[in-house]
Amino acid sequence: MNIFKAPIDTSKKPIVWVLGGPGSGKGTQCDKIVAKYGFTHLSTGDLLRAEVKSGSERAKCLTAIMERGELVPNEIVLDLLKEAILARAEESKGFLIDGYPREKSQGIAFEENIAPVSVIIYFEASSETLTQRLLGRAASSGRADDNEETIKLRLKTFLDNNDLVLAQYPDKLRRINAERPVDEIFAEVQSILDPLVA
Ligand code: AP5
């Protein structure tokens, strides 16, 4: 359902898609980006978990899908994103869209309905590293999808879609080796974002 269009001037408010497999460090790096640049961080995973907690009508099917490590219907994700972006469009300095798009059609729908993406940061790490990190986090995260079985499914969903997503944006894509210490990765992130806010 196309409920509205968001008039975002991306020359003043950059839109950055933050992509990478489950556990690649998207959230970790977004926290650092927010602290330095003051961008608005919208994680589709967080938006979906908040929706589940709210007990809304559209949330009813979400829990089972997320526990299977599959993608929820794009219409729901896109509506949640649009609502969140519009609510913050006035005061925001720029948007970090964390965990979206996860399939080719999501990227197309975003740019048609919201605004063109400014730059795409992709955190690259092996499946072994991703699995180890998520299993390490499982004890404290309280997330229903941080268990061995669901992690395998999340990785499969990611690997099935990722190449097609990235291939759509050769000019805007910036790949970062995410198998390094957090601060080293963030130094590279800054080299991408500094020119956007100069
Ligand atoms: P979501 O919540 O987005 O989960 P995810 O993509 O699986 O990623 P995570 O949030 O688990 O990891 P992260 O990359 O942010 O890593 P983090 O910084 O936490 O999505 C959950 C579900 O929602 C999906 O499965 C799907 O069902 C649904 N969904 C979401 N978006 C959707 C969409 N667009 N369309 C449809 N459905 C959607 O780090 C992980 C761990 O590693 C932490 O313990 C951290 O401390 C550690 N770590 C981070 N960086 C490093 C480093 N450099 N070195 C060592 N350890 C590190």
Side-chain angles (χ1 to χ4, degrees), residues 16-35 41-53 58-59 61-85 95-111 113-114 117 120-162 164-166 176-189:
V16 182
W17 291 346
V18 180
L19 303 183
S24 58
K26 303 183 292 294
T28 302
Q29 293 295 325
C30 281
D31 288 348
K32 295 182 81 66
I33 296 169
V34 170
H41 175 207
L42 297 174
S43 148
T44 47
D46 288 347
L47 288 172
L48 288 165
R49 283 183 287 276
E51 190 69 12
V52 166
K53 264 198 191 150
R58 70 183 162 185
C61 65
L62 298 181
T63 310
I65 297 173
M66 290 168 78
E67 285 180 4
R68 289 198 301 270
E70 294 170 1
L71 299 179
V72 312
N74 188 35
E75 191 181 273
I76 296 179
V77 189
L78 192 64
D79 279 353
L80 286 171
L81 265 182
K82 280 196 291 192
E83 286 163 18
I85 288 173
F95 289 94
L96 291 174
I97 310 297
D98 164 358
Y100 187 105
R102 290 191 196 222
E103 59 175 20
K104 197 175 163 189
S105 64
Q106 290 194 349
I108 295 167
F110 185 100
E111 293 200 298
N113 288 280
I114 300 178
V117 63
I120 301 164
I121 299 180
Y122 170 59
F123 294 115
E124 200 156 26
S126 69
S127 296
E128 292 70 33
T129 298
L130 300 179
T131 304
Q132 287 315 311
R133 285 187 190 167
L134 291 178
L135 288 175
R137 188 181 72 179
S140 59
S141 72
R143 272 176 55 167
D145 59 353
D146 275 353
N147 61 74
E148 208 162 345
E149 198 48 42
T150 310
I151 289 168
K152 275 191 202 143
L153 298 167
R154 286 159 69 190
L155 271 172
K156 180 180 181 324
T157 301
F158 166 70
L159 294 170
D160 285 348
N161 292 291
N162 185 50
L164 280 176
V165 172
L166 300 186
I176 294 187
N177 171 3
E179 305 219 21
R180 294 177 296 161
V182 169
D183 287 338
E184 229 175 86
I185 296 169
F186 186 59
E188 206 172 330
V189 168

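Atoms within each ligand, like the ligands themselves, are counted from 1 in listed order. If you read the sequence from its start, that first residue is 1, and numbering goes on from there.
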So which protein heavy atom does [atom] come closest to, and at what separation?
| atom | answer |
| --- | --- |
| atom 22 (C) of ligand 1 | Met66 CE, 3.9 Å |
| atom 16 (O) of ligand 1 | Gly25 N, 3.2 Å |
| atom 8 (O) of ligand 1 | Lys26 NZ, 3.2 Å |
| atom 56 (N) of ligand 1 | Arg133 NE, 3.5 Å |
| atom 45 (C) of ligand 1 | Thr28 OG1, 3.8 Å |
| atom 43 (C) of ligand 1 | Arg137 CD, 3.9 Å |

Are any of the N/O atoms on [X], whether in the backbone or the side chain, positioned under 3.5 angstrom from an N/O atom of ligand 1?
| X | answer |
| --- | --- |
| Thr44 | yes |
| Tyr100 | no |
| Pro101 | no |
| Asp146 | no |
| Arg102 | yes |
| Gly23 | yes |
| Arg180 | yes |
| Glu70 | yes |

For the backbone of [Y] and the side chain of [X], can you confirm whether one donor and one acceptor N or O come within less than 3.5 Å of each other?
| X | Y | result |
| --- | --- | --- |
| Asn113 | Ala109 | yes |
| Glu67 | Thr150 | no |
| Glu124 | Glu179 | no |
| Gln106 | Asn74 | no |

Would you mind listing which atoms of ligand 1 come within a distance below 4.0 Å of any non-hydrogen atom of [X]?
| X | result |
| --- | --- |
| Asp145 | 21 (C) |
| Gln106 | 33 (C), 34 (N), 35 (N), 36 (C) |
| Gly21 | 14 (O) |
| Gly99 | 31 (N), 32 (C), 33 (C), 34 (N) |
| Gly27 | 13 (P), 15 (O), 18 (O) |
| Leu48 | 23 (O), 28 (C), 29 (N), 30 (C), 38 (C) |
| Val72 | 36 (C), 37 (N) |
| Ile185 | 53 (N) |

Straight-line distance of [X] [atom1] to [Y] [atom2], nearest 0.5 Å:
| X | Y | atom1 | atom2 | value |
| --- | --- | --- | --- | --- |
| Lys156 | Asn161 | NZ | CG | 9.0 Å |
| Leu47 | Asp98 | CG | CG | 9.5 Å |
| Leu62 | Lys53 | CG | NZ | 14.0 Å |
| Glu103 | Leu164 | CD | CG | 10.0 Å |
| Ile151 | Leu135 | CD1 | CG | 4.0 Å |

- For residues 22-33, pull every pair meeting salt bridge (Lys or Arg N to Asp or Glu O under 4.0 Å), keeping only residues two or more places apart or in separate chains. Lys32-Asp183
- Message: Suppose the criterion is salt bridge (Lys or Arg N to Asp or Glu O under 4.0 Å): which pairs have a residue in residues 134-146, not counting sequence neighbours?
- Response: Arg137-Asp146, Arg143-Asp145, Asp145-Arg154, Asp146-Arg154
Under a 4.0 Å heavy-atom limit, does [X] contact ligand 1 with its side chain, its backbone, both, or neither?
| X | answer |
| --- | --- |
| Leu71 | both |
| Arg154 | side chain |
| Arg143 | side chain |

- Can you check side-chain contact (heavy atoms from CB on, under 4.5 Å) on Ile65 and Arg68, steps first, answer last? CA-CA 5 Å; Ile65 297 173; Arg68 289 198 301 270; 3.8 Å; yes
Under 4.0 Å, counting heavy atoms only: does [X] come that close to any atom of ligand 1?
| X | answer |
| --- | --- |
| Gln29 | no |
| Ser24 | yes |
| Glu179 | no |

- Message: Pair Thr28, Phe123 - check side-chain contact (heavy atoms from CB on, under 4.5 Å), show working.
- Response: CA-CA 11 Å; Thr28 302; Phe123 294 115; over 6 Å; no
- Task: Please assess Leu81 against Thr44 for the test side-chain contact (heavy atoms from CB on, under 4.5 Å), listing each intermediate value before the final yes or no.
- Result: CA-CA 7 Å; Leu81 265 182; Thr44 47; 3.9 Å; yes
- Query: Should Val165 and Arg102 count as side-chain neighbours, where that means a heavy-atom distance under 4.5 Å?
  - Reply: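 Val165 vs Arg102: side chains apart.
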- Query: Are side-chain heavy atoms of Tyr100 and Leu42 found at a separation under 4.5 Å?
  - Reply: no
